[in-house]
There are 2 protein chains.
Amino acid sequence: MAERETDRSVSQTVRAQLALRDQILTGGLRPGERISELQAVETTGASRTPVRMALVRLEEEGLLEAIPSGGFMVKAFSERDILDSIELRGTLEGLAARFAAERGASARNLEPLKECLADLDQLVRRDPVSEEAFSAYVTMNARFHALLTELSASAPLIRQIDRASALPFASPSGFVMAQSKLPEAHQILLIAQDHHRIVVDAIENREGSRAEAVMREHARLAARNLRLALRSRTHLDLLPALALIQSPGLA
Amino acid sequence: MAERETDRSVSQTVRAQLALRDQILTGGLRPGERISELQAVETTGASRTPVRMALVRLEEEGLLEAIPSGGFMVKAFSERDILDSIELRGTLEGLAARFAAERGASARNLEPLKECLADLDQLVRRDPVSEEAFSAYVTMNARFHALLTELSASAPLIRQIDRASALPFASPSGFVMAQSKLPEAHQILLIAQDHHRIVVDAIENREGSRAEAVMREHARLAARNLRLALRSRTHLDLLPALALIQSPGLA
DNA sequence: CAAGCAATCATTGGATTCAATATGTATACA
DNA sequence: TGTATACATATTGAATCCAATGATTGCTTG
């Protein structure tokens with residue numbers, strides 16, 4: 001904490017938004033808890049005006065919920081909510097892949113994606129996947145998904161995917177780290193990478209339906225990872241965002 | 001204009017948001033045009049603080065775009081953007097229908113949808129569809145889509161569909177009025193209503209894939225309507241939201 | 001002793017003020 | 001005559017101030 005350098009380049013609103021989001025995801029603010037504006041002013045260092053702006057943005061982002069009587073509270077998510085968010089993201093990415101395939105992504109535009117694919121191949125090839133390799137995979141995987149999304153060349157769709165991926169547990173790389181400690185880790189990684197290969201191939205060959213289907217299935221890997229991690233109750237500390245999970249019927 | 005009664009029940013922010021949205025959709029503010037906060041203060045009657053809140057919300061809603069140097073401008077949409085937004089909404093509604101089917105919507109929950117279906121049947125049956133019947137159809141159709149969305153029983157999905165339908169030209173009833181004056185009007189209405197019937201049947205029979213497919217195709221009717229209306233250049237005045245359309249390469 | 005009402009206090013929503021930056025214009029120089 | 005620079009002005013972003021509403025606590029009464 002205590003990033004008190006005023007960092008003139010970024011607005012107070014953005015700074016407050018980042019600080020509050022961090023507090024929410026790391027569990028500093030519990031789900032259901034009402035957020036005090038005054039308290040937020042203290043912890044973020046910004047004034048009340050930018051804090052309120054940040055609260056509005058976080059509500060639109062889906063992390064906060066407006067209280068009818070005024071103010072905001074941290075939203076609580078059920079396991080079902082998270083699984084649905086993943087399926088939703090997969091559906092949108094499937095649509096993006098289909099658009100890319102049907103509209104004929106040019107070879108020039110496909111190039112960065114194929115390079116990314118090759119880089120991922122390098123990482124996945126070595127058998128005992130090191131900690132750093134996993135971390136690098138997370139980064140490259142995020143890049144792959146971002147490139148694929150852009151390949152749809154559809155501004156409205158890109159926008160929606162970004163919004164859907166904003167929830168950390170719905171993002172493409174949300175649960176990769178969770179699996180890193182599982183025995184099935186390498187297996188899952190290989191399968192995921194095969195999906196990547198297939199979607200690129202499908203786009204190249206203009207197979208829209210195939211591209212769409214594989215991206216949907218690809219997202220379900222994340223759902224499997226989540227369930228595995230939750231059931232084995234191990235290394236949940238790798239997933240700070242899980243502080244937002246709450247069983248449906250809790251105050 | 002001039003709703004100056006202070007209507008204490010609703011917040012200034014909401015009032016400003018509604019007023020600005022109206023100005024945008026009716027073309028009072030042209031796409032690409034920078035929105036002056038002072039001017040907005042004048043036209044909406046609210047102070048600068050709620051006006052700025054409203055601007056942030058409208059940006060998240062997708063009607064505005066942030067200017068890097070500060071402030072907001074009205075977003076411009078291409079015809080392609082609108083068609084994609086419709087396809088996107090159809091995809092999401094398809095997912096909702098699939099969820100409803102696969103998870104077994106109870107007979108009790110299906111009841112309101114079937115009633116709505118029956119009401120729509122009444123409206124569609126008469127051959128020369130009157131102006132009022134069309135208007136009633138728009139309302140009932142919106143209700144049908146809302147009920148179907150809720151039937152998914154998935155909060156994240158409902159949220160996303162609402163967001164996607166917020167753009168007026170992507171909403172389920174966005175282009176129904178546009179077709180009302182076309183010669184094919186009744187035909188299209190009958191086909192749309194058949195889609196409604198099919199999706200209810202599919203959900204009842206737990207046919208997830210069928211339910212999903214028909215909702216996707218259903219949305220494409222809206223795309224057809226839009227293209228017909230644009231090509232025939234007739235009755236575009238029925239679609240005020242089209243003020244936002246602009247060819248890609250315009251200042 | 002419990003329940004209801006009233007009063008005080010805290011907290012949010014809105015208004016105004018202040019400062020910093022971006023934009024536009026005019027002038028001067030090349 | 002065109003371009004660049006400097007200055008003036010307008011506009012946004014932030015902070016403080018004010019008002020109104022909702023919550024909490026204590027007191028009174030049944």
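Please read these numbers as outputs of a predicted model, since none were measured by experiment. Chain letters run A, B, ... following the sequence lines, proteins first, then strands; residues in each count from 1. Computed from heavy atoms alone, side chains included, the values below leave out hydrogens, waters and symmetry copies.
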Take atom [atom1] of [X] and atom [atom2] of [N], then tell me their distance rounded to the nearest Å.
X: A/Glu59; N: C/dG13; atom1: CD; atom2: P; answer: 10 Å
X: B/Met73; N: D/dT12; atom1: CE; atom2: P; answer: 14 Å
X: A/Ile67; N: C/dT12; atom1: CD1; atom2: P; answer: 9 Å
X: A/Arg57; N: D/dG13; atom1: CZ; atom2: C1'; answer: 12 Å
X: A/Phe72; N: C/dG13; atom1: CZ; atom2: P; answer: 6 Å
X: B/Leu38; N: D/dT9; atom1: CG; atom2: P; answer: 16 Å
X: B/Leu55; N: D/dT11; atom1: CG; atom2: C1'; answer: 13 Å

Determine the sole option in B/Leu92, B/Leu151, B/Thr149 for which the side-chain contact (heavy atoms from CB on, under 4.5 Å) test with B/Ile158 is passed.
->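 When B/Leu92, B/Leu151, B/Thr149 are each tested with B/Ile158, the side-chain contact (heavy atoms from CB on, under 4.5 Å) holds only for B/Thr149.
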May I ask you to test the A/Ile24-A/Leu64 pair for a side-chain heavy-atom distance under 4.5 Å?
-> yes
Look only at the side chain of B/Ser11 and the backbone of B/Val14, and say whether a donor-acceptor pair between them is shorter than 3.5 Å.
-> yes
Under 3.5 Å, side chain of A/Ser165 to main-chain N/O of A/Asp162, donor-acceptor pair present?
-> no
Protein-nucleotides 14-19 of chain C N/O pairs under 3.5 Å:
from	atom 1	to	atom 2	distance (Å)
C/dG14	OP1	B/Gln12	N	2.7
C/dG14	OP2	B/Thr13	OG1	2.9
C/dG14	N7	A/Arg52	NH1	3.2
C/dA15	OP2	B/Ser47	N	3.1
C/dA15	N7	B/Thr49	OG1	2.7
C/dT16	O4	B/Thr49	OG1	3.4

For B/Glu37 and for A/Arg34, locate the closest nucleotide of DNA chain D by heavy-atom distance; then report the residue assigned to the nucleotide nearer the 5' terminus.
-> B/Glu37
Going by the angle between their ring planes, with limits at 30° and 60°, are A/Phe169 and A/Phe77 parallel, tilted or perpendicular?
->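 Answer is perpendicular, since the angle exceeds 60°.
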What class does the angle between the rings of A/His145 and A/His196 fall in, given that below 30° is parallel, 30 to 60° is tilted and above 60° is perpendicular?
-> perpendicular
Has A/Ser36 got a side-chain N or O lying under 4.0 Å from the OP1 or OP2 atom of C/dT11?
-> no
